[in-house]
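I have placed the structure first, in the form of structure tokens, so that the comments after it can refer back to it.
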There are 4 protein chains.
Amino acid sequence: MPIPIKVAADSPEPMYHQIEVQLRGLIVSGQLAEGTLLPSIREMATDLNCSVITIRRVYQDLENEGLLRTRQGTGTFVAAVSVQDRQGYRTEAVKEAVQAAFETAKRVQFTREEMQQLLDETIEEWYPAAANPEKEDL
Amino acid sequence: MPIPIKVAADSPEPMYHQIEVQLRGLIVSGQLAEGTLLPSIREMATDLNCSVITIRRVYQDLENEGLLRTRQGTGTFVAAVSVQDRQGYRTEAVKEAVQAAFETAKRVQFTREEMQQLLDETIEEWYPAAANPEKEDL
Amino acid sequence: MPIPIKVAADSPEPMYHQIEVQLRGLIVSGQLAEGTLLPSIREMATDLNCSVITIRRVYQDLENEGLLRTRQGTGTFVAAVSVQDRQGYRTEAVKEAVQAAFETAKRVQFTREEMQQLLDETIEEWYPAAANPEKEDL
Amino acid sequence: MPIPIKVAADSPEPMYHQIEVQLRGLIVSGQLAEGTLLPSIREMATDLNCSVITIRRVYQDLENEGLLRTRQGTGTFVAAVSVQDRQGYRTEAVKEAVQAAFETAKRVQFTREEMQQLLDETIEEWYPAAANPEKEDL
DNA sequence: GTGGTCTAGACCACC
DNA sequence: GTGGTCTAGACCACG
């Protein structure tokens with residue numbers, strides 16, 4: 001599995017955006033190392049079952065962000081990103097999503113207890129059971 | 001301040017959606033009680049500085065969801081919603097946002113510890129530590 | 001003449017780039033004031049005799065630069081740009097071109113005198129005769 | 001240092017073009033005298049860390065312009081160029097670049113004064129003030 | 001082979 | 001009406 005990216009063609013979220021988010025994640029988390037040659041736009045388009053235009057847009061957007069570097073006739077590479085920037089990207093994305101969740105919670109007047117419980121449950125679900133699954137709320 | 005809703009005209013999020021989310025929150029959290037008469041479409045449009053078409057769409061969408069009821073010539077009211085539905089709405093929205101946050105975290109390979117710490121910080125920020133956790137519902 | 005932009009279809013320079021450069025110039029020089037509504041992408045495409053895709057790209061690139069602001073269903077506007085940024089854009093573009101000219105001159109070993117004379121001639125050509133066209137070289 | 005040419009692999013400008021411009025400059029300015037034997041394609045490619053195809057193209061383009069001559073099995077030489085042509089090449093390139101700079105200046109509505117000052121500064125920077133302007137030709 | 005540009009046309013979302 | 005996305009396919013430039 002060359003590039004582990006999945007797109008939901010029926011999602012309201014634009015394909016190009018789904019791909020960008022995932023590719024960005026692979027890069028800033030270091031799963032795609034600096035200098036890695038990405039699949040050609042045509043290859044990627046075939047893999048993900050979409051138009052080359054869509055992939056081109058993805059690559060170009062990420063190049064504009066400084067995460068990719070592309071050379072005509074050669075291919076598209078993962079750019080050199082400072083460790084600092086890399087960390088920035090990583091945490092920024094997660095923080096944003098977490099803030100959004102709390103906004104929603106406040107909007108429907110979730111109490112601290114309700115939110116705490118929901119988060120505890122969810123973290124257990126996504127990062128299953130440490131050896132000693134101690135509750136550390138309050 | 002009749003209806004506490006704010007729209008950001010320069011946000012990429014469509015106006016109608018910003019308004020819907022907030023209005024839905026006011027209803028399912030009980031801040032707008034059943035039977036409450038909402039401002040007329042024109043009034044609302046003026047208040048929020050947007051087109052009547054936009055408000056019309058909001059009212060209609062929420063009516064389709066069963067949260068509003070329109071009486072010809074009289075106005076638009078908050079519909080009767082079962083306590084059960086109310087709770088469903090509330091938690092569903094928050095759960096969705098929380099799931100999204102965890103997806104993002106996984107994508108950039110946040111560890112359980114990183115996520116736990118971020119959540120702890122954020123809950124402290126949004127629900128400032130009360131020495132003895134009091135319910136602030138309703 | 002709504003928007004004074006010209007494209008040379010036979011130039012090796014991509015159309016989208018020709019348009020971007022000119023539109024950017026109109027904005028940063030203040031000829032298109034902040035808040036101005038630009039022609040719709042379809043209108044512009046017809047005017048300039050190119051595809052809507054090409055115009056869309058132009059508008060989007062300039063939006064990414066912060067020079068335009070677009071709202072779906074409404075149109076594309078000249079964004080608020082700080083006077084500072086505006087000046088930055090203006091001089092940067094010219095400086096770049098001037099530097100390029102001097103690089104070329106150095107490359108073919110133009111002497112200072114040759115260059116000085118060429119510049120004097122050219123400035124006279126582009127900014128014709130002040131009342132007392134005094135030579136101020138040396 | 002056999003041939004003083006530098007290529008920026010990460011520049012948007014195609015390698016072949018970077019090389020052509022510099023090589024052309026070396027020839028028309030007389031830094032590479034008529035009859036000089038250029039490095040072989042393979043050697044040049046190794047030196048500049050690029051493909052032989054790229055160098056092949058460069059040599060061929062310049063041969064088409066009449067600046068180089070290739071002798072089967074012998075190598076590539078700097079061709080005989082009339083003094084007149086030489087001068088033509090030299091000034092043409094610089095004039096073009098200068099025109100481009102003025103176009104940019106006009107586009108952002110630089111005043112004559114702004115342009116004059118920028119040029120004065122830049123010439124001072126590239127041709128640092130000699131008390132008595134000496135020719136540094138050849 | 002690679003990426004870069006452009007077309008014509010379609011469908012959707014928004015106002 | 002507006003902009004936003006996507007397609008299928010073409011042609012060019014680069015290595």
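Scope of the values below: all heavy atoms of this structure, side chains included, with no hydrogens, waters or symmetry mates. Naming convention: chains lettered A, B, ... in sequence-line order (proteins, then strands); numbering from 1 in each chain.
With DNA chain E read from its 5' end, the first of the two nearest nucleotides for A/L38 and C/E13 is the one closest to A/L38. Mapping A/R71 and C/R71 onto DNA chain F via the closest heavy atom, the residue that lands nearer the 5' end is C/R71.
Using a 4.5 Å heavy-atom threshold, the side chains of A/I3 and A/D47 count as separate. Side-chain contact check for C/E96 versus D/T104: every heavy-atom pair is 4.5 Å or farther apart.
A/I41 is linked by a side-chain contact (heavy atoms from CB on, under 4.5 Å) to A/I55, A/R56, A/Y59, counting only residues two or more places apart in sequence or in another chain.
The side chain of A/S40 places an N or O atom within less than 4.0 Å of a non-bridging phosphate oxygen (OP1 or OP2) of E/dT2. Between E/dT2 and A/T76, no contact under 4.0 Å exists linking OP1 or OP2 to a side-chain N or O. Of the side-chain N and O atoms in C/R57, one or more sit less than 4.0 angstrom from OP1 or OP2 of E/dT5.
Between the side chains of C/S29 and C/Q31, at least one donor N or O lies within less than 3.5 Å of an accepting N or O.
Nucleic acid contact class of B/C50 (heavy atoms, under 4.0 Å, all strands): none.
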For Watson-Crick and G-U wobble pairs within 3.5 Å on both distances, what is DNA chain F written in dot-bracket notation, | included for inter-strand pairing? ||||||||||||||.
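Remark: the backbone N or O of C/T70 is not paired with any side-chain donor or acceptor of C/T74 at under 3.5 angstrom. When atom types are taken as modelled, the side chain of C/R71 and the backbone of B/S11 share a donor-acceptor pair closer than 3.5 angstrom.
Nearest to the side-chain atoms of A/I53 among the listed nucleotides F/dG15, E/dC15, F/dG9 stands F/dG9. Listed candidates were E/dT5, F/dG15, F/dG4. Nearest to the side chain of A/Q60 is E/dT5. Of the candidate nucleotides E/dG3, E/dC14, F/dT5, E/dG3 has the atom lying nearest to any side-chain atom of A/T70. The C/P14 side chain lies nearest to E/dC6 when the options are E/dC6, E/dC15, F/dG15. Comparing E/dT7, F/dT2, F/dT7 against the side chain of C/E43 picks out F/dT2 as the nearest. When distances are taken from the side chain of D/T54 to each of E/dT7, F/dG15, E/dG4, the shortest belongs to F/dG15. Minimum atom distance to the side chain of D/S51 is reached by F/dG15, of the listed F/dG15, F/dT2, E/dC15.
For C/R42 against F/dG3, a side-chain-to-base donor-acceptor contact under 3.5 Å is present.
Atom NZ of residue B/K6 and atom CD1 of residue B/I19 lie 14.5 Å apart, to the nearest 0.5 angstrom. In this structure, CG in A/L23 is found 6.0 Å from CG in A/L68, a value given to the nearest 0.5 Å.
Computed from coordinates, the C/R69 CZ to F/dT2 C1' distance equals 15 Å when rounded to whole Å. The distance from atom CZ of A/R56 to atom P of F/dA10 is 19 Å, rounded to the nearest whole Å. Counting to the nearest Å, the C1' atom of E/dT2 and the CG atom of A/L37 are 10 Å from each other. Rounded to an integer number of Å, the gap from CD of A/Q18 to P of F/dT5 is 12 Å. Atom-to-atom, NE2 of A/H17 to C1' of E/dA13 comes out at 16 Å; the value is rounded to the nearest Å. Counting to the nearest Å, the P atom of F/dG3 and the CE atom of B/M15 are 16 Å from each other. The distance between atom OH of A/Y16 and atom C1' of F/dT7, rounded to the nearest whole Å, is 16 Å. Look at CG on D/D61: it is 12 Å from P on F/dG15, rounded to the nearest Å.
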